[in-house]
Amino acid sequence: MKTIIHFMMLMAVLSYTAKAQELKGSLVDEKKAPLEFANIVLMSNDSSYLDGTVSGLDGKFAFTNRQETDYILKVSSIGYKTKYVNCKAGDLGIIAVEPDVITLKKVVVVGNLPTYQMRNGGITTHIKGSVLSKSGTANDLLGLLPGVQGEDGEYTVLGKGTPIIYIDGRQIRESSELDKLSSSKVLHIEVIFNPGAKYDATVNAIIKIKTVREPGEGIGVDMRSVVERSYKTNLIEQVNLNYRKNNLDLFGDLQYSTNDLRQESDIFQRVYTQSNVVSQDNNMMNDTKMKLLNGEMGMNYIINKHNSFGVSYNVKGNIRKESDIMVASIVRMNDTFYDKWENNIHKENHADPMHHINGYFNGKIKKMGVDLNMDYVYSAVDIDNIAKEVSQEFEDQMINSVNKTTNSLFATKLVLNHPVLKGNLSWGGEYTNIKREDYFNNIEEILPFANNTIYEDKIAGFVQFDKKIGKVQSSVGLRYEYASFDYHKDDVLLDQESKEYHNLFPSISLAFPIKKIKTQFSYSAKTKRPTFSQLRSNLEYVNRYTYQSGNPLLKPSITHDITLMMMYKWIHLNLSYQSVNNPIIYTARQYQENPEITLVTYDNFNKINLMTAVVTLAPKIGIWNPQLTLGAYKQWFEVDYFGEKKKMTSPQFVASFNNSFKLPKDFIFRLDANFKSEADVQNLTTGNMYMINTSINKSLLSNRLNVNLQVFDIFNSLETETTLFATKMDLNQKTKTNSQKVRLTLRYNFNITKNKYKGKGAGVEDIKRL
């Protein structure tokens with residue numbers, strides 16, 4: 001009897017499943033273009049809510065697991081008339097939606113698309129048609145996003161660290177690529193706060209930039225000219241070319257830039273040896289001059305609507321890079337004057353151009369999606385360093401050194417996905433091979449000779465399953481990584497420095513509504529591997545009592561991350577807790593050969609726990625679009641300091657207030673302020689920092705010409721202060737850079753058609769480590 005009941009229940013379930021179908025369709029506007037980000041609500045015949053979704057970039061939508069019964073479909077989008085459709089399960093085909101326009105005395109008023117949306121483990125900010133589209137470049141945009149801080153290619157996602165940035169699925173290799181992209185060509189930007197197993201285990205945050213797919217064929221031209229005045233005058237000249245014919249896309253760009261930087265620092269350090277206290281008062285002035293040439297060319301061919309392939313070649317090189325560093329020092333031994341010296345250092349970088357080739361195939365084999373990327377990178381740099389140290393009490397010193405570094409990387413990545421159990425199963429693998437050669441020689445033999453070679457192989461495999469169950473969007477993933485690291489000194493393998501790692505990195509994400517509050521909970525395990533610069537063994541001479549070096553014995557750190565995100569209308573909340581084992585921390589210790597010399601280096605520490613809370617308020621008030629971000633960061637960490645455990649637990653408070661004003665005649669005015677409070681960050685105590693920027697933007701010639709005037713750090717207030725605590729030393733540094741500057745940008749485009757290159761890149765995090 002029990003068997004019969006089970007059989008009948010099974011047949012009922014199978015019968016229900018057999019009748020279940022997909023209800024889908026495609027939305028278009030009055031010009032038959034896809035209508036994206038429209039709200040679609042599925043209701044029963046009595047108008048009761050059943051389910052809801054949003055149309056994609058192609059205007060398509062779908063509801064799974066629907067029965068053969070009557071439904072009412074409600075389609076709404078700001079700027080369009082609400083449409084009701086009586087339907088049954090199946091393919092509804094194309095649904096046209098009419099614009100909702102109100103005419104008042106020849107003035108046409110239309111609604112704007114929503115600015116923010118939570119999806120795919122992050123927050124999506126819609127740029128096209130908003131005041132943010134007039135920001136200038138993608139580089140100007142990123143620092144204005146919820147949870148993101150920074151400028152000029154240096155960005156941080158609060159609580160997560162430095163993100164990996166993609167443009168149309170292709171990972172960018174240089175921050176200059178952000179400058180090449182006009183903000184008016186950006187459709188939306190997605191910030192992912194806890195990436196899943198598909199991404200390298202070192203990736204803690206991702207920024208995805210989606211551009212507008214401009215129609216048209218023929219030649220497109222986009223030119224940009226920038227003049228910037230700060231310490232000196234800097235220039236950027238750039239031209240982007242694109243040729244499209246049928247399914248073929250040819251593209252290229254060339255950028256020339258000059259950059260003069262000045263940094264002034266006051267540094268006080270004390271070192272406690274067994275018999276003496278050595279203190280230094282240092283004033284450092286660093287002037288760096290750079291001339292950079294950056295170019296890219298490539299092709300893309302669309303086989304059909306599902307399949308495309310392409311290749312790109314990027315070359316970047318310093319035409320000139322020189323640094324002149326002057327350090328004036330007063331040295332005391334046990335609070336008694338010991339010496340006074342002036343150290344003049346001249347550095348010259350003689351770099352071969354960096355070559356980067358990427359090839360990709362993106363497509364479908366029946367229902368299976370295929371994404372294949374292959375990358376090759378080669379770079380070589382020679383750094384000549386001449387230091388002349390003039391001493392008041394002792395003999396002068398000359399330090400002549402040369403450092404030659406070559407890097408080569410090959411990487412390939414394959415990602416497959418297939419619909420399974422009404423969800424999506426993704427799996428794949430990644431392989432990276434790296435060779436780095438590092439040669440260092442000091443003619444006077446004050447610093448030791450070094451000749452090191454690093455070989456690294458990394459193999460990774462992952463599986464991830466995404467499925468919507470009722471109103472809950474779930475994602476579960478697992479990533480396995482094997483890394484082999486061989487360290488050679490003078491062609492001899494060093495066993496202690498060479499390592500092998502086997503790691504599993506799980507991830508899980510659940511997104512669900514709590515009434516009108518969109519909520520997402522996620523957990524992931526991540527790693528951070530030391531960069532090759534951090535692993536170097538050669539010493540860099542600062543002065544006769546201060547050296548700088550890497551640490552070949554560094555181990556990767558492992559981070560466990562729990563994140564909660566919530567969104568209600570224009571209010572966003574992000575809470576994150578991280579536990580980091582073996583964190584890699586910038587520190588200092590006594591030089592083994594002479595304990596009175598300070599060696600600034602990196603070490604693994606035991607553990608650090610972190611908590612971050614960020615809330616963003618982004619309402620719209622007439623012509624004013626304010627965005628207020630308030631954040632708090634707190635760590636639990638201890639450092640050995642004079643035989644005791646010093647607790648580093650003071651919290652940091654962060655605030656940014658970004659304001660856009662849409663003025664008459666299409667002028668856009670911005671006023672943005674940023675603040676960071678004094679806090680403990682790892683083994684550092686940092687001081688207060690604040691900066692205020694402003695800009696005004698105007699488009700001319702039917703939006704073909706854009707003029708943008710920006711003023712950074714209006715009050716010249718940006719100054720950083722840090723105090724480093726180590727076992728038998730402390731170091732306080734106050735630094736001022738040329739942060740106050742005025743920048744004028746002119747951008748002209750003619751028939752610009754954004755190329756459809758879909759290469760995502762392989763070994764992206766390892767390329768950054770080089």
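For Thr587 against Leu724, the heavy-atom pair with the smallest separation is CA-CD1, 4.1 Å. Residues Ala726 and Ala588 share a closest heavy-atom pair of CB-O, 3.2 Å.
One N or O on the side chain of Gln635 and one on the backbone of Met648 form a donor-acceptor pair closer than 3.5 Å. With hydrogens and angles disregarded, a donor-acceptor distance shorter than 3.5 Å links the side chain of Asn551 to the backbone of Tyr602. The main-chain N or O of Lys499 is never found under 3.5 Å from a side-chain atom of Ser484 such that the two would form a donor-acceptor pair. Of the possible polar contacts, one joining the Asn403 side chain to the Tyr439 backbone as a donor-acceptor pair under 3.5 Å is found. For Thr685 (side chain) and Asp680 (main-chain N/O), no donor-acceptor pair under 3.5 Å exists by modelled atom type. Glu322 places no side-chain N or O within 3.5 Å of a backbone atom of His346 that could act as its donor or acceptor partner. Side-chain atoms of Asp200 do not come within 3.5 Å of backbone N or O of Val203 as any donor-acceptor pair. Remark: the backbone N or O of Asp260 is paired with a side-chain donor or acceptor of Asn234 at under 3.5 angstrom. With hydrogens and angles ignored, the 3.5 Å screen pairs no side-chain donor or acceptor of Ser557 with any backbone N or O of Ile584. A donor-acceptor contact shorter than 3.5 Å is absent between the side chain of Asn441 and the backbone of Val402.
Inter-residue side-chain proximity for Arg536 and Asn452 is flagged as unmet; no heavy-atom pair is nearer than 4.5 Å. No side-chain heavy atom of Val639 sits under 4.5 Å from any side-chain heavy atom of Gln682. In this structure, Tyr586 and Asn683 have side chains that are not in contact, with every pair of non-hydrogen atoms separated by 4.5 Å or more. Counting heavy atoms from C-beta outward, Leu292 and Asn259 have side chains that stay 4.5 Å or more apart. Using a 4.5 Å cut-off on side-chain heavy atoms (C-beta onward), Phe505 and Ile558 make contact. Contact annotation: the side chain of Thr737 never approaches that of Leu261 to less than 4.5 Å [non-hydrogen atoms, C-beta and beyond]. Between Glu593 and Pro448, the closest side-chain pair of non-hydrogen atoms is not below 4.5 Å. Using a 4.5 Å heavy-atom cutoff, the side chains of Ser401 and Tyr541 are not in contact.
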Please walk me through it: do Lys526 and Asp561 pass side-chain contact (heavy atoms from CB on, under 4.5 Å)?
-> CA-CA 8 Å; Lys526 299 289 183 180; Asp561 185 300; 5.5 Å; no
Evaluation steps, ring pair (Phe, Tyr, Trp, His ring centres under 6.0 Å), between Phe642 and Phe725 = CA-CA 10 Å; Phe642 294 104; Phe725 298 95; 9.4 Å; no
Take Val271 and Thr273, measure what side-chain contact (heavy atoms from CB on, under 4.5 Å) needs, and give me the verdict at the end.
-> CA-CA 6 Å; Val271 179; Thr273 67; 4.3 Å; yes
Check against side-chain contact (heavy atoms from CB on, under 4.5 Å), Glu389 and Ile399 = CA-CA 8 Å; Glu389 193 171 79; Ile399 306 292; over 6 Å; no
What's the verdict on salt bridge (charged side-chain N to carboxylate O under 4.0 Å, His left out) for Glu481 and Arg529, showing C-alpha distance, side-chain angles and the deciding distance?
-> CA-CA 12 Å; Glu481 290 189 358; Arg529 296 186 180 87; 2.4 Å; yes
Start with the C-alpha distance between Tyr378 and Thr406, add both sets of side-chain angles, then the distance that settles side-chain contact (heavy atoms from CB on, under 4.5 Å), and finish with yes or no.
-> CA-CA 8 Å; Tyr378 175 82; Thr406 59; 4.1 Å; yes
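Checked for salt-bridge contact, Arg262 and Asp287 meet the test: a charged N lies under 4.0 Å from a carboxylate O. One finds a salt bridge joining Asp730 and Arg270 here, because a Lys/Arg side-chain nitrogen approaches an Asp/Glu carboxylate oxygen to under 4.0 Å. Note on Arg479 versus Glu430: salt bridge recorded, some NZ/NE/NH1/NH2 to OD/OE distance being below 4.0 Å.
Applying the 6.0 Å contact sphere to NZ of Lys388 captures no more than 12 heavy atoms from other residues, nucleotides or ligands. Residue Lys736 places its NZ atom among more than 12 non-hydrogen atoms of other residues, nucleotides or ligands, all under 6.0 Å distant. Crowding of Asp396 atom CG: a count of heavy atoms from other residues, nucleotides or ligands under 6.0 Å exceeding 12. Annotation for Met297: atom CE does not count as buried by contact number, only 12 or fewer foreign heavy atoms lying within 6.0 Å. Other residues, nucleotides and ligands contribute more than 12 heavy atoms inside 6.0 Å of the CD atom of Glu393.
The six-membered or imidazole ring of Tyr545 lies away from that of Tyr591, with a centre-to-centre distance of 6.0 Å or more.
To the nearest 0.5 Å, atom NZ of residue Lys741 and atom OH of residue Tyr231 are 14.5 Å apart.
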